[in-house]
Amino acid sequence: MKTKLRAGGFVAAAAALALVVSACGDDAPAADPTPEADATEAPTEEPIDDVEPPASEDREPVHLVWWHNGTGEPLLSFWQEVADQFTDANPHVTIDVQAFQNEDLRTTILPNAIAAGTQVDLFQSWGGGELLEYQRQGLIRPVTDFVPEPNRWAAEMFSIDGEIWGMPYTSLPSGFWVNMNVWEDAGLTEADFPTTLPELEDRWATLAEAGHTPVAVGGAPGWPAAHWWYWTALRNVPASAMAAALAHGDFTDPGWIAASEDVAAIIATGAWNSDWASTSAQEGATSASGRVVLGEAAMQLMGTWDFAVMGGIYNEQMGLPSDAQDHAEFISWFPFPQIPGAAGDPGAIMGGVDGFSVGVNAPDEAAELLAFIVSTDIQRQYAAMGNIPIDSGAMDAVPAGPLVWAADAVAAATSVQLWLDTALGAVGAQMNDTLVAFMQGQGTPEDVVNALTQLAVEAAGVAE
C-alpha cells in the first residue's frame with residue numbers, strides 16, 4: 001500500500017500550503033491582515049496559559065535533544081528562552097537545544113544523524129517530500145493528539161494518511177526585500193515597484209546607472225539562486241503541468257524550457273553581484289542579506305525569514321540590541337512580478353513553511369514541547385520579533401509593514417507552491433545543483449529538463 005500525503009503524493013504539501021495565513025482555506029480561522037496601531041507592542045510576559053504542560057510531580061526525569069536552524073539572533077536566543085519556559089513548567093525535563101546552519105542541518109547533519117541512529121527528539125522539518133520520506137522510513141512519530149485544536153488546520157501540510165507528523169510554526173512566502181535607502185538614492189519610490197519582469201529589469205538598469213548593485217544573490221548554498229528558477233517556472237508552467245512534473249516527472253510542458261530561458265536572460269542583465277556563486281546567503285555582513293540591509297545592494301529574492309535575518313545582521317553591525325527593529329524603517333517588500341505572455345497562474349505565489357517533527361523514539365514530552373512552541377502565546381512572541389506565525393490569533397503581533405504585506409500576498413494568492421526542492425524531497429539538493437550549474441553556463445535549457453525529469457522520476461519512486 002502506498003503512503004500518501006493527504007490530498008495525494010508530493011504535490012499535497014504544495015496544495016495544503018495555501019491554507020497558511022488564514023484566508024486560503026474555508027475551514028481556516030480568519031486572520032486580520034491589518035494590525036491595529038498597537039500591533040508592535042512587546043509580547044506579554046504573563047504566564048503561558050493556552051497550553052498547560054502536564055504536572056511534573058512524580059514524573060521520571062526526561063532529557064530532550066532539540067535541533068533547529070535558528071543560528072542568528074534573535075531566533076537563537078528565542079528558542080532557548082522557549083525551552084527554558086517549558087522546563088520551568090516541567091521541572092522533570094531538561095532540554096539540550098542545538099542550532100545548526102540551515103543547509104548543513106538539512107543536507108548533512110540531520111541525514112547523517114538519522115543514518116547513524118542518533119536520537120534527536122525534536123528537529124527542524126520542512127514538509128513536502130522530505131517529511132514523507134521520514135514517515136515512510138519510520139523515523140518520526142505522529143503528534144495528532146498533542147496539536148492544539150486552534151492550529152489543527154495549519155497541520156494539514158504535515159498530515160499523512162490522517163495523522164499529523166509535525167507542525168509548522170511559520171509561513172514563508174517569497175518575494176523581493178528592498179533597501180529603500182538604496183532604492184530612493186536612484187530616484188525611485190515605492191510607486192516604482194514593478195509588476196512585470198521587464199519593469200523590474202528597467203529598475204535594475206536605473207539602480208546600476210546610479211552606481212548601485214541592483215541584486216544580491218547568495219548562491220553558495222545553491223537554493224537561493226535556484227529560487228529564481230522556481231519563480232520563472234511558476235510563472236511559465238500551468239498548475240496542472242507543475243503537479244504532473246512533481247508527482248510523475250513529466251516535464252514535457254514547454255513552460256519548463258521557457259523557465260530556463262527566462263532565468264538565463266535575467267542573469268545576462270548583469271544585475272546580480274558578480275560573485276553570486278560564492279556568496280553566502282545569510283551569514284554575516286558580506287552575505288547577500290548583509291549586503292542588502294547594509295546598503296551594498298538594493299534587493300534580494302528571499303523568503304520572509306530574511307526580514308529577521310537582516311535585522312540580526314544590522315543590529316550586530318550597528319551595536320543595537322538583538323531584538324531591535326530599526327531596519328524596519330527602510331526595508332520594504334514586493335512580490336515577484338508577472339512575465340508577460342507566460343502560461344503560469346498569475347495569482348500563484350512561491351513559499352514554504354518551517355516546522356518541527358518528533359523523532360519516532362522520543363517521549364511524549366517532545367510532542368508536548370512542540371505543542372508549546374505553536375501555542376498562541378509563544379506564537380505571539382515569535383511574531384513580535386518580525387515573523388509570520390501560523391496561529392491566526394497571533395497575527396496582530398506581527399510588526400506593521402513588509403511582513404504584513406507578504407502575509408496579505410499569501411492570503412490573496414490563488415495557490416501557494418511549496419519550494420520545488422522541498423516538494424521533491426530526497427533529490428531536492430541535486431535539483432538545486434543542476435539549476436546552479438546551468439546558471440553558471442553549463443548546459444542548455446533542454447539539458448535542465450532532461451536532468452530534472454530523471455530526478456523527479458526518482459523522487460516519485462521513493463514515494464511508492
Side-chain angles (χ1 to χ4, degrees), residues 1-22 24-29 48 50-55 59 62 64-68 82 86 89-90 93 95 114 119-171 352-379 389-394 418 422 425 463:
M1 180 177 180
K2 298 180 181 179
T3 301
K4 297 182 179 179
L5 285 167
R6 180 175 295 190
F10 287 99
V11 188
L17 185 58
L19 294 173
V20 181
V21 190
S22 70
C24 299
D26 293 340
D27 295 329
I48 297 166
D50 56 321
V51 172
E52 295 185 3
R59 298 181 72 171
V62 170
L64 301 178
V65 176
W66 174 11
W67 286 5
H68 64 76
V82 170
F86 185 83
N90 295 271
V93 178
I95 305 175
I114 290 172
Q119 176 64 24
V120 182
D121 301 295
L122 188 69
F123 58 86
Q124 199 79 27
S125 188
W126 298 269
E130 293 171 343
L131 180 75
L132 182 58
E133 182 62 10
Y134 292 151
Q135 188 269 350
R136 188 191 71 83
Q137 294 184 33
L139 302 174
I140 53 179
R141 60 173 283 185
V143 295
T144 310
D145 294 339
F146 297 88
V147 175
E149 189 63 34
N151 288 336
R152 288 291 180 92
W153 65 274
E156 179 72 18
M157 67 208 70
F158 278 68
S159 296
I160 304 171
D161 292 342
E163 292 277 10
I164 300 171
W165 300 86
M167 271 294 292
Y169 58 83
T170 187
S171 170
V353 292
D354 270 1
F356 294 111
S357 287
V358 177
V360 64
N361 295 318
D364 285 352
E365 283 82 355
E368 292 166 6
L369 173 59
L370 176 57
F372 185 69
I373 289 168
V374 298
S375 64
T376 299
D377 188 82
I378 297 300
Q379 284 269 282
I390 287 296
D391 191 306
S392 61
L418 187 67
T422 302

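Worth knowing before you read on, the calculation uses all heavy atoms, side chains too, and leaves out hydrogens, waters and symmetry mates.
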Short side-chain to backbone donor-acceptor contact, [X] and [Y], under 3.5 Å:
X: Ser125; Y: Gly355; result: no
X: Asp121; Y: Ala366; result: no
X: Ser357; Y: Trp165; result: yes
X: Arg141; Y: Ala362; result: yes
X: Gln379; Y: Asp391; result: yes

Quick check for you: to the nearest 0.5 Å, what is the distance between [X] atom [atom1] and [Y] atom [atom2]?
X: Ile390; Y: Met167; atom1: CD1; atom2: CE; value: 7.0 Å
X: Gln135; Y: Ile160; atom1: CD; atom2: CD1; value: 4.5 Å
X: Ser375; Y: Tyr169; atom1: OG; atom2: OH; value: 14.5 Å
X: Asp354; Y: His68; atom1: CG; atom2: NE2; value: 12.0 Å
X: Ile140; Y: Glu133; atom1: CD1; atom2: CD; value: 10.5 Å
X: Asp161; Y: Leu132; atom1: CG; atom2: CG; value: 8.5 Å

Just so I know, are the side chains of [X] and [Y] near enough to count as touching, which here means a heavy-atom distance under 4.5 Å?
X: Val147; Y: Ile164; value: yes
X: Thr170; Y: Val353; value: no
X: Trp126; Y: Leu131; value: no
X: Phe372; Y: Ile378; value: yes
X: Val65; Y: Ile95; value: no

Minimum heavy-atom separation for [X] and [Y], please, with both atom names.
X: Gly352; Y: Leu418; result: CA-CD1, 3.9 Å
X: Pro168; Y: Val374; result: O-CG1, 3.5 Å
X: Gly127; Y: Thr422; result: O-CG2, 3.5 Å
X: Pro142; Y: Glu163; result: CB-OE1, 3.8 Å

Salt bridge present between Arg136 and Glu130 (N-O < 4.0 angstrom):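 Not counted as a salt bridge, because no side-chain N and carboxylate O are separated by less than 4.0 Å.
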
Close aromatic pair by centroid cut-off 6.0 Å: Phe123 and Tyr134: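 Distance test on ring centres: under 6.0 Å, yes.
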
Ring centroid separation Phe356 to Trp66 under 6.0 Å: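 Yes; Trp66 has its ring centre under 6.0 Å from that of Phe356.
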
Residue among Leu64, Val120, Leu370, Leu369 satisfying side chain to side chain contact (heavy atoms under 4.5 Å, CB included) with Val358: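 Answer to the side chain to side chain contact (heavy atoms under 4.5 Å, CB included) test with Val358 among Leu64, Val120, Leu370, Leu369: Leu370.
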
